[in-house]
Amino acid sequence: MRRSDKEQLVEELSNEISEASAIFLTDFKGLNFPQMENVRSTIKSLDSNFKVVKNRLLKLALEKQEIEGLHEYLVQPTACAIVKGEPTAVAKEFKKFNKEYNSFEIKGGYFEGAVLSDQDIIALADIPSREELLSKMLGSMTAPARNFVSLLANVPRNFLNVLNAIKDQKEK
């Protein structure tokens, strides 16, 4: 690869990283082609990119974006997921791939200004998705109104039950 091609690749990678909400690094050594394509397509469906990059070029792109602390993970062959969508969704898929493929290993990552270990990414995968959290919050917000409506509906029902009991008693 010529130097100008490398510089262009570093620039493109740097631009992608600047738009990312998170970066996850993995060791993919040992994955066969269909497994690798499965990982790529799954991550791509989550509005993110999964690519194999030379460690030196990734280091240069990270330095350009002033991201430090990931150099210790950039040993051996490395693939990175540049997350533009929901980081928890990608972390869930990484956790699934880690269990499914013996040779897929989560190395570490970067999220909201902090360096993440493999255990941090697995913990991130256990967090409910944004949609789940929003639905739970909405359920909590509507519960008092729902309970109040139920209470108001019980008043006429109970009054009607009392009238029916009085009516039944007078008929005897």
Those residues that, when tested against Lys54, pass side chain to side chain contact (heavy atoms under 4.5 Å, CB included) (two or more places apart):
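In terms of side chain to side chain contact (heavy atoms under 4.5 Å, CB included), with neighbours along the sequence ignored, Lys54 is linked to Leu57.
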List in chain and number order the residues that pass side chain to side chain contact (heavy atoms under 4.5 Å, CB included) with Asn147, two or more places apart in sequence or in another chain; answer none if no residue qualifies.
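None.
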If every non-hydrogen atom of [X] is compared with every non-hydrogen atom of [Y], which pair is closest and at what distance?
| X | Y | result |
| --- | --- | --- |
| Ser48 | Gly85 | OG-N, 3.9 Å |
| Ser18 | Asn15 | OG-O, 2.7 Å |
| Asn55 | Leu74 | ND2-O, 3.3 Å |

Going by side chain to side chain donor-acceptor pair (under 3.5 Å), name the pairs with one or both residues in residues 135-144, residues two or more places apart or in two chains.
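Sorted result for residues 135-144: Thr142-Arg146.
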Considering only residues two or more places apart or on different chains, which pairs with a residue in residues 155-169 satisfy side chain to side chain donor-acceptor pair (under 3.5 Å)?
Asn154-Arg157
Using side-chain heavy atoms (C-beta onward) and a distance below 4.5 Å, is Leu60 in contact with Glu7?
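No, side chains not in contact.
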Beyond-backbone contact of Leu70 with Leu58, side-chain heavy atoms, under 4.5 angstrom:
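When only atoms from C-beta onward are counted, Leu58 and Leu70 do not touch, as no gap falls below 4.5 Å.
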By the definition side chain to side chain donor-acceptor pair (under 3.5 Å), identify the one residue from Lys107, Lys29, Glu105 that meets it with Gln76.
Lys29
Walk me through it: do Leu13 and Ile82 pass the test side chain to side chain contact (heavy atoms under 4.5 Å, CB included)?
CA-CA 9 Å; Leu13 197 55; Ile82 300 173; 3.7 Å; yes
In terms of side-chain geometry, is the basic nitrogen of Glu63 or Lys59 positioned less than 4.0 Å from the acidic oxygen of its partner?
no
Evaluate salt bridge (Lys or Arg N to Asp or Glu O under 4.0 Å) for Lys92 paired with Asp126, printing each intermediate quantity in order.
CA-CA 7 Å; Lys92 285 178 195 304; Asp126 295 333; over 6 Å; no
Fellow cluster residues of Leu134, listed by chain then number, with links counted only when side-chain atoms sit under 4.5 Å apart:
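Met137, Met141, which link up through side-chain heavy atoms under 4.5 Å apart, make up the rest of the cluster.
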With clusters built from Ile, Leu, Val, Met, Phe, Trp and Tyr whose side-chain heavy atoms come within less than 4.5 Å, directly or transitively, what are the remaining members of the cluster of Ile122, listed by chain and number?
Phe24, Phe28, Leu31, Met36, Val39, Ile43, Leu46, Phe50, Val52, Val83, Val90, Phe94, Phe97, Tyr101, Phe104, Ile106, Phe111, Leu116, Ile121, Leu124, Ile127
Let me confirm one number: the [atom1]-[atom2] distance from [X] to [Y], rounded to the nearest 0.5 Å.
| X | Y | atom1 | atom2 | answer |
| --- | --- | --- | --- | --- |
| Glu12 | Glu16 | CD | CD | 8.0 Å |
| Gln35 | Asn38 | CD | CG | 8.5 Å |
| Ser103 | Asn32 | OG | CG | 8.0 Å |

Please say whether more than 12 non-hydrogen atoms of neighbouring residues, nucleotides or ligands are located less than 6.0 Å from CD in Glu171.
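Yes, the 6.0 Å shell around CD holds more than 12 heavy atoms from other groups.
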Under the side chain to side chain contact (heavy atoms under 4.5 Å, CB included) criterion, do Cys80 and Thr26 qualify, and how do the steps go?
CA-CA 6 Å; Cys80 68; Thr26 65; over 6 Å; no
Any side-chain donor paired with an acceptor under 3.5 Å for Thr42 and Glu93?
no
Side-chain H-bond candidate by donor/acceptor type, Gln119 with Ser117, under 3.5 Å:
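No, Ser117 and Gln119 have no side-chain donor paired with an acceptor closer than 3.5 Å.
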Kindly say whether Ile17 contributes a backbone atom to a donor-acceptor pair with the side chain of Gln65 at under 3.5 angstrom?
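Such a contact is absent between Gln65 side chain and Ile17 backbone.
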